[in-house]
Undergrad: 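The following block contains the structure, expressed as structure tokens.
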2 protein chains.
Amino acid sequence: MARRGDHTFEELSSMILNAAYEILETEGFQKISTRKIATKIGYTVGTLYNVFQNLEDIFIHLNARTLDSLIKSLSESDVTSIKSLAYAYVKFSQESFNAWSLLFEYQFDDKTQFPRWYQPKVDSLLGIVANSLKDLSGKCSPEKTKESIIVIWSSIHGICILSNRGKLNKTGASDPKSLIDNLIDNYLKGLLA
Amino acid sequence: MARRGDHTFEELSSMILNAAYEILETEGFQKISTRKIATKIGYTVGTLYNVFQNLEDIFIHLNARTLDSLIKSLSESDVTSIKSLAYAYVKFSQESFNAWSLLFEYQFDDKTQFPRWYQPKVDSLLGIVANSLKDLSGKCSPEKTKESIIVIWSSIHGICILSNRGKLNKTGASDPKSLIDNLIDNYLKGLLA
DNA sequence: ACCTGAACACCGTTCAAGT
DNA sequence: ACCTGAACACCGTTCAAGT
């Protein structure tokens, strides 16, 4: 066929990401391949490498999208309540299971450099959580507050993992909402006691 | 070369698992391949399929080993204290990072059937945790106790994930011990209040 | 400048053929 | 009965050659 010029760099970029995101959502990140993406958009594999560094680079851009929609989901809940944020987070992790999986479980190569725009997205996510806990800062030291935010966040994340996969409890899958209530109620009670 | 008979079925089985475990520990599960294992033990790939169903089957057996050594590690700590169990768990996840990763992060195919002997190992792991929290049963209902065990366990797991990878906090990696103290102290205080 | 097509170095899995 | 070797259907990545 040879050159096309049918699409600009930006068009190609979003065609690639759209195709990849489609495979991600329907089949999971394990099934994403450069060749499959290329076929979907009607180009050969080589073309992907004009737009992205490699497959991991594409994964990073997919994760950026997922972060954006996760932030959007959380923002649409009651951002003043840590519990409603946690519910929204669980809901997102269930509804966008494959995307969430790539975001939090894919192990990037240690050498992989993340682009500058990535970390701010993560920070704004943590900012939403921190904001819902700002009453703490009246009761605890700034260090304690910061640490507590990390504790709550990672605990909620742990509960998501546990309830989304059957890793440890093949039997008796507990309702994640109930686990989150249990966690947050008791933890905050202890912290503010 | 043709047939060897140099090794029994059981010998072959442990040769394969040893080779696979070696790759797992040094390079991570992503780098395990049937061809690499075969080369390491001096057989061709086909031989692996006389002993194991497929690569996932080998992974399950690797996870069984990891579960055993995790259980051993936890048993050697002060099993009456949830905090020392949590410390031991964090330590294990750091020292055996790649094995821990395969155990908790690899996504097996939904169709994959786990062998009968697998779940009892998981149960005995949870049993150790449950045992360290048995004072709770005096204070809470059995259901509440069970749920609280899951909450604590998954929260500790979440803290491990957070501190082992740089997923959310590229900046300011908190000491996991301090996070665990924070979690358990406050959570139990609230629960027993 | 952009894209192709073929190549390179890998995969997991199967199975007829050999001993 | 056990193992090989080749085949099949895939991978990610690179790059000379075409337009």
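Just so we're on the same page: letters track the sequence lines, and every chain starts at 1.
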Undergrad: Applying a 3.5 Å limit to both distances, which nucleotide forms a Watson-Crick or G-U wobble pair with C:dT13?
TA: D:dA7
Undergrad: Are B:D78 and B:K83 within salt-bridge range, i.e. N to O under 4.0 Å?
TA: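 Answer for the salt bridge query: no.
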Undergrad: Considering Watson-Crick and G-U wobble pairs with both distances under 3.5 Å, what does C:dG18 pair with?
TA: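 Check on C:dG18: paired to D:dC2, both distances under 3.5 Å.
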Undergrad: Is the shortest side-chain N to carboxylate O distance from B:K36 to B:E27 below 4.0 Å?
TA: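 Looking at B:K36 and B:E27, the cut-off is met.
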Undergrad: Sticking with atom P, work out how far D:dC10 lies from C:dA9, rounded to a whole angstrom.
TA: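 Taking atom P in both D:dC10 and C:dA9, they lie 22 Å apart.
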Undergrad: Give one of base, sugar-phosphate or nothing for B:T47, where a contact means two heavy atoms less than 4.0 Å apart.
TA: base
Undergrad: Would you kindly give the CZ-to-P distance between A:F9 and C:dC3, to the nearest whole Å?
TA: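 Rounded to the whole Å, the gap is 10 Å.
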Undergrad: Could you verify whether a donor N or O on one side chain and an acceptor N or O on the other, from A:E22 and A:N18, lie under 3.5 Å apart?
TA: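 Absent: no donor and acceptor within the cut-off.
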Undergrad: Expressed as a whole number of angstroms, how long is the span from B:L55:CG to C:dT14:C1'?
TA: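 It is 15 Å, rounded to the nearest whole Å.
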Undergrad: Classify the nucleic acid contact of B:L12 as base, sugar-phosphate or nothing, counting any heavy atom under 4.0 Å across all strands shown.
TA: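 Sugar-phosphate contact only - B:L12 comes under 4.0 Å of backbone atoms but never of a base.
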Undergrad: For the pair made of CG in A:N54 and P in C:dC10, what is the distance, rounded to whole Å?
TA: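 Taking atom P of C:dC10 as the reference, CG of A:N54 is at 18 Å.
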Undergrad: To the nearest angstrom, how far is B:N50 atom CG from C:dT13 atom C1'?
TA: 13 Å
Undergrad: What integer distance in Å separates B:F29:CZ from C:dC11:C1'?
TA: 16 Å
Undergrad: When all nucleic acid strands are considered with a 4.0 Å heavy-atom cut-off, which category describes B:I58: base, sugar-phosphate, or nothing?
TA: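 Here B:I58 touches no strand at all.
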Undergrad: Between A:V45 and A:V51, name the one whose nearest nucleotide on DNA chain C is closer to the 5' end.
TA: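 By nearest-heavy-atom nucleotide position, the 5'-most residue is A:V51.
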Undergrad: Looking at every strand, decide which applies to A:I37 at a 4.0 Å heavy-atom threshold: base, sugar-phosphate, or nothing.
TA: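 Counting heavy atoms under 4.0 Å across all strands, no contact is made by A:I37.
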Undergrad: Is the phosphate of D:dC3, meaning OP1 or OP2, less than 4.0 Å from a side-chain N or O of B:T44?
TA: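 B:T44 to D:dC3 OP1/OP2: no side-chain N or O under 4.0 Å.
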Undergrad: Both A:R35 and A:G46 contact DNA chain C. Taking the nearest nucleotide for each, which residue is further toward the 5' end?
TA: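 The residue mapped nearer the 5' terminus is A:G46.
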Undergrad: Give one of base, sugar-phosphate or nothing for A:L48, where a contact means two heavy atoms less than 4.0 Å apart.
TA: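 Nothing, no nucleic acid heavy atom in range.
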Undergrad: Given atom CG of B:D57 and atom P of C:dT13, what is their separation to the nearest angstrom?
TA: 10 Å
Undergrad: Between B:D185 and A:Y187, is any side-chain donor less than 3.5 angstrom from a side-chain acceptor?
TA: no
Undergrad: Counting side-chain heavy atoms from CB outward, which of D:dC3, C:dG12, C:dT4 is closest to B:Y49?
TA: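 In terms of side-chain proximity for B:Y49, the closest of D:dC3, C:dG12, C:dT4 is C:dG12.
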Undergrad: For A:H61, run the ring pair (Phe, Tyr, Trp, His ring centres under 6.0 Å) check against A:F114, A:W117, A:Y118 and tell me which one passes.
TA: A:W117
Undergrad: Can you measure B:K36 atom NZ to C:dC11 atom C1' for me and round it to whole angstrom units?
TA: 11 Å
Undergrad: Give a yes/no answer on whether the side chain of A:T34 brings an N or O atom under 4.0 Å of OP1 or OP2 in D:dG12.
TA: yes
Undergrad: Please tell me whether A:Y89 and A:Y87 form a close aromatic pair, meaning their ring centres lie under 6.0 Å apart.
TA: no
Undergrad: Between C:dC2 atom P and A:I41 atom CD1, what is the distance in whole Å?
TA: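 So the two atoms are 15 Å apart, to the nearest Å.
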